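Right, one structure below, let's go through it.
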Amino acid sequence: MLIEMMKSKIHRVTVTEANLNYIGSITIDKALLKAANIREGERVFIVDNNNGERFDTYTIAGEEGSGVICLNGAAARKVQPGDIVIIMAYAHMTPEEADAFTPTVIFPDTATNRL
């Protein structure tokens, strides 16, 4: 049996852009993706602390060091620039793997979205 566990978390970053006219996804500063152990194209779950929205999408790497957090496509309707979001990725693992697993959690500066 496999269980789903939180693998990675970017805790409290500020949405810098919302681009409705894009095919979909979330653009995240490449430095944050690396630090959080999240791959480009990986499914992530987004929680908006300002309005309570919860949804999922996939990642696109933004310019490293830019601090970009941009919701694209339909997800742009669920956030506003300036909103604080939490970004999480999950992984399937056996209970034994989960017992030995430690998730990666990062806490960027919410003013700059940098570590």
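Every value quoted in this text rests on a predicted model; they were computed, and no experiment measured them. Sequential numbering from 1 along the given sequence is applied to the chain's residues.
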Original post:
Can Lys30 and Glu40 be counted as an ion pair, charged N to O under 4.0 angstrom?
Top reply: no
Using distance only, find each side-chain donor-acceptor pair of residues 98-105 under 3.5 Å and give its atom names and separation, not counting sequence neighbours.
none

Subject >> Distance-minimising heavy-atom pair for Arg12 and Asn49 >> reply: NH1-ND2, 3.0 Å
**OP:** Considering non-hydrogen atoms only, spot the tightest contact between Ala61 and Thr27 and give its length.
**Re:** C-CG2, 4.3 Å
Original post:
Where do Met1 and Thr94 land on the side-chain contact (heavy atoms from CB on, under 4.5 Å) test, with the steps shown first?
Top reply: CA-CA 6 Å; Met1 169 178 59; Thr94 66; over 6 Å; no
**OP:** Answer yes if Ile106 and Leu33 sit in the same cluster of Ile, Leu, Val, Met, Phe, Trp and Tyr residues linked by side chain heavy atoms under 4.5 Å apart, and no otherwise.
**Re:** yes
Subject >> Donor-acceptor pair, side chain of Asp29 and main chain of Gly65, under 3.5 angstrom >> reply: yes
Original post:
What are the two closest non-hydrogen atoms of Ala75 and Phe55, and how far apart are they?
Top reply: CB-CE1, 3.6 Å
Original post:
With distance as the sole test, does Thr59 use its side chain to make a donor-acceptor pair with the main-chain N or O of Gly41 at under 3.5 Å?
Top reply: yes
Original post:
Could you state the interatomic distance from CD1 (Ile86) to CD1 (Ile46), rounded to the nearest 0.5 Å?
Top reply: 10.5 Å
Original post:
Atom CD in Glu4, atom NE2 in His92: separation rounded to 0.5 Å?
Top reply: 4.0 Å
**OP:** Looking only at non-hydrogen atoms, find the nearest pair between Asn113 and Gly67 and report the distance.
**Re:** ND2-O, 2.9 Å
Subject >> Asp56/Arg43 ion pair, N-O < 4.0 Å >> reply: yes
Subject >> Close side-chain approach of Ile10 and Ile28, heavy atoms under 4.5 Å >> reply: yes
**OP:** Check for a donor-acceptor pair, side chain of Asp109 on one end and backbone N or O of Arg114 on the other, with a separation under 3.5 Å.
**Re:** no
Subject >> Val85 and Val47, any side-chain heavy atoms less than 4.5 Å apart >> reply: no
Original post:
Distance only, no hydrogens: is a donor on one side chain within 3.5 Å (strictly under) of an acceptor on the other, for Asp83 and Thr14?
Top reply: no
Subject >> Contacts of Glu53 that satisfy side chain to side chain donor-acceptor pair (under 3.5 Å) - sequence neighbours left out >> reply: Lys78
Original post:
Hey, do the aromatic rings of Phe45 and Tyr90 have their centres closer than 6.0 Å?
Top reply: yes
Subject >> side-chain contact (heavy atoms from CB on, under 4.5 Å) assessment of Ile60 paired with Ile26 >> reply: CA-CA 6 Å; Ile60 293 177; Ile26 182 171; over 6 Å; no
**OP:** Please indicate whether Glu63 has more than 12 foreign heavy atoms, meaning atoms of other residues, nucleotides or ligands, lying under 6.0 Å from its CD.
**Re:** no
Original post:
Does the side chain of Val15 come within less than 4.5 Å of Cys70's, by heavy atoms?
Top reply: no
**OP:** Please answer whether the main-chain N or O of Ile69 pairs with a side-chain N or O of Thr16 as donor and acceptor at a distance below 3.5 Å.
**Re:** yes
**OP:** For residues Thr110 and Ile84, determine if any side-chain heavy atom of one lies less than 4.5 Å from a side-chain heavy atom of the other.
**Re:** yes
**OP:** Evaluate the criterion side-chain contact (heavy atoms from CB on, under 4.5 Å) for residue pair Glu64 and Lys34; output intermediate values, then yes/no.
**Re:** CA-CA 10 Å; Glu64 191 161 357; Lys34 286 181 192 175; 3.2 Å; yes
Original post:
For Ala89, what residues pass the side chain to side chain contact (heavy atoms under 4.5 Å, CB included) criterion, not counting sequence neighbours?
Top reply: Lys7, Ser8, Ile38, Glu42, Val44
Subject >> Residues Ile23, Asn72; criterion side-chain contact (heavy atoms from CB on, under 4.5 Å); working and verdict >> reply: CA-CA 7 Å; Ile23 58 172; Asn72 301 303; over 6 Å; no
